Amino acid sequence: KLQSQKASSLDKARLVTTHKHIMSVLSLSLLLISLISIINGFYLPGIKPHEYEFQEGVKIKVNKLDSVLTQLPYDYYELPFCKPGDGVKKDAENLGEILTGDSIENSPYKVEMMLPSECNALCKKTYSKKELHEFATKIDEKYRVNLIVDNLPAAQKFKTIISDGDKEIEDFIYEKGYPLGYVASSNGKKLIMLNNHVDLVILYHDNPRYEGNRIVGFEVQPRSIAHNVANYNEENADANSLSCSSSDVVRIANPSIPESLDVIWSYSVIFEPSDIQWASRWDPYLKMQDPQIHWFSILNSFMIVIFLSGMVAMILMRALHKDLRRYNADPEEIEQAQEETGWKLVHGDVFRTPANPSLFACVIGTGVQVFAMCLLTLVFAALGFLSPANRGSLMTTLLLLYVFMGIFAGYFSARTYKMFGETSWQKQTLQTALLFPTINFIVFFILNLFVWHEGSSGAVPFGTMFSLLILWFGISVPLVYLGAYFGYKKQPIDFPCPTNELLRMIPQQPWYMQKYFAILVGGVLPFGAVFIEVFFIMSSIWLHHYYYMFGFLLLVFIILILTSAEITIVMTYFQLCAEDWRWWWRSVLTAGSSAIYLFLYSILYFYTKLDIVPFVSSLLYFGYMILVSVGFFLVTGTIGFYATYVFVWKIYDAIKIE
């Protein structure tokens, strides 16, 4: 007896020590992630705004050329633009900028604060037919030029009319970048014009509290002007006197492309005072979306949650009421009630190990990893750490969080695997560490080869690919094993009901409870709760809009959690009442089937909202949407499983099994 007490106390001590180890590792991981996110969030040049003195140089930088028709970004100097006299210099880029194809470089524009200038010559270029064809192709594909000043992107300003009750208010919206040129038609012939002049409108704000001026806006208006090239001084561009009042345009296809063409590039600089404060200078860029639509989305989702919550409450009250009646009834009535109640009859099979327990544990562990990544990213973004001014911060944060959340993947997959009485935890952990990342990496690598073949700056360099592999195998995989080690050392979970040796026969199910039909029905409501927000996110990704409604998105994510949990509980209850005890995989697939609707919606979005024609661009779209749908399946499926697991545990723990 004394030896058994000592052994029991040693086991308790080991459990306490293991618990402390897990908590310390998790706390350290969360602290590291918080520090990384905070550092990324406050990368702006800066936290402290820059006050420009009179005649201080203002750097105009160039970014990638992009198009919603091709989704293939290109380096600015891929086309033969005017180059700086001291050579092209590339800015340092973070991992997120490289993955999104950003390419920020210096430019030949010369701007001094508060010194407006009119029709400055940039350079003169003589283009061959091949170079003109490159310009014509990019203009036809609606490529836009992106400039940056003081970390603000250039944008075109367009007037719009907003209805406010009976009144119509004139407002404006921003569209990122400006078009490289435009296409027109005359007598059935296709004409292509080149925008070789740009008006740079810099909005500034001054205040007696500080000296100098702060830049709070950057607007551009492109024009096509056919300058006179006869007396152009190529040795000293500043010595040229140009006129920007000409109505002649630069035609590079009229409709055929000439053998050669002389083009003078020019720009004007305009300074305009603005009432916009420096802290709110991003507001005009972010007001492209109507917040009322987001509130409508949340209200719609909230009604779904209320409906499902009512159903879950009714089910629980019904089950509890029957239990209370049974406890107060005679033994004969108890036996009759047990025969009539379907879900109680399968108590000997409800906790039977599902098919493919290793894969099941892998899905659950990876789902927890992706869920934690999404939740923490949304929290940091909603708190304002991931500003759009910090290009690439969102992608970098997602990637790093996924890597560090590997410890949760290992822990929860090991706990789930051990719950089924399985012992090959090392093999199962390797599967968890490699399965989802391998799928992602293979798809990403194949797509990257196509992008690289197109010569796009969106192609990730092989050096960056190697860095991703180091993050995967050097950090993520060891963290998965570390989490699995602690998870497998914990005591296995004891089910409230023992499992019978013989399988119970499952009766014929009604048509509405057939496996595939029930699974597909279960995915409708979770997707219905979020599809409006999905529209804005996809517009941000594929139409190059800014998205910064992370507060709304966090609220919608919470609604998604509630909806996925409740619909899975309801469908599992009906399944158990029909004496079908195979709920493990069904709980994952019921909520996870919302990913099918997400992918179907992406197909609808492709054909109704996008004008993508090239094969590689279409391949990029559907390749990435498949990966997004798989991630969505893992998140919703894991939420559905854990909600159902708690529900099933509670109802079977409440009944007495003789």
Side-chain angles (χ1 to χ4, degrees), residues 301-320 343 346 350-352 354 357 360-375 378 408-409 411-413 415-416 419-420 493 495-497 513 515 518-530 554-578 580-598 631-654:
S301 306
F302 191 64
M303 296 303 294
I304 294 174
V305 169
I306 291 175
F307 170 71
L308 288 174
S309 299
M311 289 192 68
V312 172
M314 286 176 62
I315 289 169
L316 293 176
M317 290 298 293
R318 181 169 173 261
L320 182 61
W343 63 270
V346 296
V350 75
F351 293 108
R352 191 179 298 280
F360 184 86
C362 173
V363 168
I364 298 304
T366 307
V368 171
Q369 182 181 12
V370 179
F371 173 82
M373 174 196 74
C374 294
L375 182 61
L378 286 176
F408 291 128
Y411 179 81
F412 284 96
S413 66
R415 293 289 292 148
T416 306
M419 179 173 66
F420 298 136
I493 299 169
F495 296 126
C497 302
M513 286 306 297
K515 180 180 178 181
I519 286 172
L520 290 174
V521 167
V524 172
L525 290 178
F527 175 73
V530 301
L554 180 60
L555 195 54
V556 169
F557 188 70
I558 293 170
I559 290 173
L560 176 66
I561 294 171
L562 295 174
T563 312
S564 300
E566 290 174 350
I567 190 63
T568 313
I569 289 172
V570 170
M571 297 302 290
T572 302
Y573 176 76
F574 290 148
Q575 179 187 346
L576 294 175
C577 285
D580 186 351
W581 43 266
R582 300 168 300 182
W583 65 274
W584 295 97
W585 275 108
R586 187 84 74 89
S587 66
V588 175
L589 297 174
T590 298
S593 65
S594 55
I596 297 174
Y597 296 102
L598 175 62
F632 195 73
F633 164 78
L634 291 170
V635 171
T636 52
T638 302
I639 293 167
F641 163 70
Y642 276 110
T644 308
Y645 176 73
V646 172
F647 171 75
V648 171
W649 180 284
K650 291 291 184 183
I651 63 172
Y652 282 97
D653 190 46

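Sequential numbering from 1 along the given sequence is applied to the chain's residues. Bear in mind the structure is a predicted one, so any value in this text is a computation, not a measurement.
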Non-hydrogen side-chain atoms of [X] and [Y] separated by less than 4.5 Å:
{"X": "Phe412", "Y": "Gln369", "result": "no"}
{"X": "Phe351", "Y": "Val648", "result": "yes"}
{"X": "Leu554", "Y": "Leu375", "result": "yes"}
{"X": "Thr568", "Y": "Tyr645", "result": "no"}
{"X": "Phe527", "Y": "Ile596", "result": "no"}
{"X": "Asp580", "Y": "Arg586", "result": "yes"}

Next on the checklist: Restricting to non-hydrogen atoms, name the atom on Ile639 and the atom on Ile561 that form the minimum distance, rounded to 0.1 Å.
Outcome noted: CG2-O, 3.5 Å
Checklist outcome for this item: Sorted by chain and number, sequence neighbours left out, salt bridge (Lys or Arg N to Asp or Glu O under 4.0 Å) with Arg352 holds for Asp349
Side chains of residues 631-638: which donor-acceptor pairs under 3.5 Å do they make with residues two or more places apart or in other chains?
unit_1 : atom_1 : unit_2 : atom_2 : d
Thr636 : OG1    : Ala591 : O      : 3.3
Thr636 : OG1    : Phe632 : O      : 2.7
Thr636 : OG1    : Phe633 : O      : 3.4
Thr638 : OG1    : Leu634 : O      : 2.6

Checklist entry - Within the distance-only criterion (no hydrogens, no angle test), does the side chain of Thr366 pair as donor or acceptor with the backbone N or O of Val363 below 3.5 angstrom? => result no
Item to check | Side-chain donor/acceptor of Tyr597 to backbone N/O of Leu520, under 3.5 Å | outcome: yes
Checklist entry - Taking the six-membered ring for Trp, are the ring centroids of Trp583 and Phe647 within less than 6.0 Å of each other? => result no
Next on the checklist: Tell me every residue that passes ring-ring contact (aromatic ring centres under 6.0 Å, His included) with Trp581, counting only those two or more places apart in sequence or in another chain.
Outcome noted: none
